[in-house]
Structure formats: C-alpha cells, structure tokens
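Counting starts at 1 for both ligands and their atoms, following the listed order. Just so it is clear, the values below take in all heavy atoms, side chains as well, and ignore hydrogens, waters and symmetry mates.
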Amino acid sequence: MHVDLLIEHATELATCASPNGPKRGPAMDDVGIIHDGAVAIHKGRIVAVGPTREVREKVTGATRVINAQGHSVVPGFVDPHTHVVWAGERAAEFEMRLKGATYLEILQAGGGILRTVRDTRAASLDDLILQTRERLDRMLLAGTTTAEAKSGYGLDEETELKMLDAIRALDESHPMDLIPTFLGAHAIPPEYRDNVDAYVDFLVEEMIPKVAALQYRVEESDEAGNLVYAGYQRAAWFCDVFCERGAFNLEQTIRILRAAKAAGMDLKVHVDEFEPSLGAVPVAVEMGAVSVDHLVSTPEEHLRILAQSDTAAVGLPGTPFGLAEREYTKGRKIVDMGGILAIATDINPGTSWCESMPMMMALATRYMGLTPAEALNAATINAAYAIKMHPYVGSIEVGKQGDLLLLDVPDYRHLAYRYGSNLVHTVVKKGRVVVEDHRLVEGP
Ligand code: NIG
Ligand code: FE
C-alpha cells in the first residue's frame, strides 16, 4: 500500500488506544506505548499503526516519510471546554482580584463576564475572528488539534449568533477542528438583571429552538478541486448552562436543559465551580448530559453518581490556578471511583487565559492527583469522548483522523513533568503537517 505520510522509528508511540470508548479506572494509567513505533496516514486517516518493522511490511511507499527517532509521538490534544471566542481582555480585573476582590463580586458589579459581553457585542464579526484566530494558533502550536468552543459572551440574539458564526468560520479556515456549543446561559444579561426568569423564558422559547435548528452547508474538495463531501452541519452541537450563585440556579438550569434536550441538542453543564449547586450533577446525569464540567465543590455522593454514569467529568485545573484558589477537581477520586475523567483549559479572559493542554496536564498531576499517563488520557481519548468526537479523534488508532504530535523529548511524561515551555515540535492534523519545528506551516 502507498500512503501519503509515514511516521516511523518513534522512540515511543503513545497511542492512548481505547477501541471500546472512553477509559476508566486502571486503564487510565496505560497510554498504550509502542517502542520504535510507526503510523501510516492516507487521505487524512490512520491506516496502520504498530512497531516500525510491522508497519513497513504493509506500506510499500509513502509520499512523505518522517523519521521520529528521538521523539515521543502522542495523539493531538483535544480541548473539550473552551470560551476561546471573545473580544478584549481583563488584565485590570486580574489585578483587582490580586488585591482582594472575588470573581463573583466583580461579576455582580457588572464586570467579569459582563465586561467581555460589552466588548464582544461591540466587535465586528471580522474583528472577533481575528482576535480568536491568534489564540487558536497558540493552541495549535501547543498541540491542540480539536477543541470545543462556546458562545456566551453575547447574551442577546445577534451576538450569540455572531459568535456561532465566528466558530463556524474559524472551523472552516483554521486547521483545528472546532465543535460548537451554545452557552446563552453564561450570565444574566444587563437587560434582564432584575428579571432572570424572563431571560430564561427567552432562551427556552426563542433562542434554543432557533439555535437547535440552525444548520449550514459544508463542502470539502480534494487537491484537484473536486467536491468530495457536501452536507449539513449544526451551528451548535451542545447546549451548556453556568449553574452557580450569581448565574443560573438549579431550577432555571433544569428548564434550559429540558428545552435543549427537547430541541434535540446534547447537554453540558458548568457545575459546582465555586459552591455546591445543590444537585446539578445528579440532575445532569439523569438527563444524560454528555459532560459536567468544573466539579470543584461537588460533594462525594454526587461524584459517585457521576462515576457510575456515562457522563464525562471535565476538570478545568487552569481555573482554580488562574484564580489562585486552593480547591481543585478531585480527579484522583473520580478515576478511582471508575468515572470518565477529562481535562480542558476552559480558556477565557477571566479565570483561565491559557492555550496549553500540557499546562493542564502539569496542573492535573500536581493538584488533581493524576499520574502523567492519566493526564495524557484525560487530554486525548477521554477529552474526545467529552465532546462526542471519540470515534474520530483522541487516539492513534486505525480508522481515526491522522492527528498526532512529535514531542521534543522521547518520553511523554515530560509533558506533565515540565511546564511553562512548549515541548510540541511537530503537529499533524488530518495527515497534514501544520506545525513544524515549533512554527505554523502556512496552509495550501
Ligand atoms: O468557566 N464560569 C463561567 N465561565 C468561565 C469564566 C468566563 C469568564 O470569566 O469570562 C469559566 O470559568
Ligand atoms: Fe467554562
């Protein structure tokens, strides 16, 4: 067989393979290492994986061969929780927090998320795309090849749709794949400050049915310009709610989730970021949410319910770190209870402006109690599961997209061991080299 790309002689190939879905329990501590490993990619898909000698028996020729000797090869990272689309910045609030103001106080005073809402409403679509693209480039350089992206800095119809438009335009024009989430319930818009239920009515009766039905046409051509794929893609796969004091209470959260489910959307929930939200986790699990995220102050009995379900637990260690708080998601406990644990950056201008999944692995090993292997699985195969992308990405397995990384080092554990510098040397997305020697490769 002749292939487009052959990567061979990887000192170590960490496949994170998990053919039957996400990893739980002891399987989390195994990243499926192959020594002197090789991967063959054709038409964007992985067609062979194994020891170089075995892959070489199947592959008779390759358009491009990369010798990965001296490198550890790992799957492209999946970042399953991001607020990467926004305009402006909040350095002044960071300083206010360092001087003692709390995150929820700043929000209640009309700052925080609402500050970014003002800036995002004022930005043109082009400007929003331009500002976001810079962050996507940094994410790609740090090895993220697929990311979820939320709306939620509009809180009005026009701006929420503008954000979803930006996500779609960036998904089409940037090498990274973006999975869109509608987060109209991110904060109480200033217009509804004294009547939160009326905003929930608006979300439930107008926005959710509209967003759930919104689709756009996607076309893909091959190098000769022939149409190889045409179809329709939903403008938002998931509906998410920020369930917290000062945002949406449990009753409002339930109304929003029910409406989204009825409209055919999959569910995600921001739960227990600061205070236990009196039952959001069991409710989300009962409703079949794909993931529940944050889980910093979740009581143990709710973690047990979660661990016994198919709902993913997404830890966001950049957030307590970014807010200089002491409590982190109890990752160790979730893994030991048999739950499906993933990690994400939560990249946003308030609590965690960090483009790097390796930084999340560094934090997760120290503050969530994970081993380097568990952190890598949480950032790849289980992160893919948390956005329903595990049949396509998140591990180096035959049939999946050719998304992988060559590290500067021959041992994946350095991803978590070291921090603050980027060890991602080469990024391959759908079989195309998009980062080489730490630099973006210009597209075709
Ligand atoms: O996940 N909790 C709500 N949303 C973000 C913060 C967004 C912001 O501060 O702009 C989070 O931490
Ligand atoms: Fe978030």
With heavy-atom distances below 4.0 Å as the criterion, list the atoms of ligand 1 near H186. 3 (C), 4 (N), 5 (C), 7 (C)

Show me the pairs that pass side chain to side chain donor-acceptor pair (under 3.5 Å) and involve residues 316-330, at least two apart or across chains. T319-D346

Given E273, E93, H83, K150, which has its nearest heavy atom closest to atom 2 (N) of ligand 1? E273

Minimal non-hydrogen separation, A313 against L306, with atom names: CB-CD2, 3.7 Å

Quick check: do I129 and T132 have side-chain heavy atoms less than 4.5 Å from each other? no

Ligand 1 versus W86, non-hydrogen atoms closer than 4.0 Å: side chain, backbone, both, neither? neither

Donor-acceptor pairs under 3.5 Å, side chain of residues 200-210 to any protein atom, not counting sequence neighbours: which ones?
from: D201; atom 1: OD1; to: R255; atom 2: NH1; distance (Å): 3.1
from: D201; atom 1: OD1; to: R255; atom 2: NH2; distance (Å): 2.8
from: K210; atom 1: NZ; to: E157; atom 2: OE2; distance (Å): 2.7

Looking at E275 and R245, does any basic side-chain N land under 4.0 Å from a carboxylate oxygen? yes

Answer with side chain, backbone, both or neither: which part of E244 has a heavy atom less than 4.0 angstrom from an atom of ligand 1? neither

Close side-chain approach of K150 and H81, heavy atoms under 4.5 Å: yes

Heavy-atom neighbours of R115 CZ exceed 12 at 6.0 Å: no

For atom 9 (O) of ligand 1, which protein heavy atom lies nearest, and how many Å away is it? Y103 OH, 2.5 Å

Number the atoms of ligand 1 from 1 as they appear, then name those within less than 4.0 Å of a heavy atom of R90, with their elements. 8 (C), 9 (O), 10 (O)

For Y103, does the six-membered ring have the charged nitrogen or CZ of R97 within the cation-pi criterion, i.e. under 6.0 angstrom from the centroid and within 45° of the normal? no

Shell of protein N/O/S atoms around the Fe ion (ligand 2), taken as anything under 2.8 Å: H81 NE2, H83 NE2, H270 NE2, D346 OD1

Do K429 and T146 have side chains that get closer than 4.5 Å, going by heavy atoms? yes

Ligand 1 to T351 polar contact by distance, N or O atoms, under 3.5 Å: yes

Results of ring-ring contact (aromatic ring centres under 6.0 Å, His included) for W237 - residues two or more places apart only: none

Which of the atoms of ligand 1 are close to Y153, meaning less than 4.0 Å from one of its heavy atoms? 7 (C), 8 (C), 10 (O)

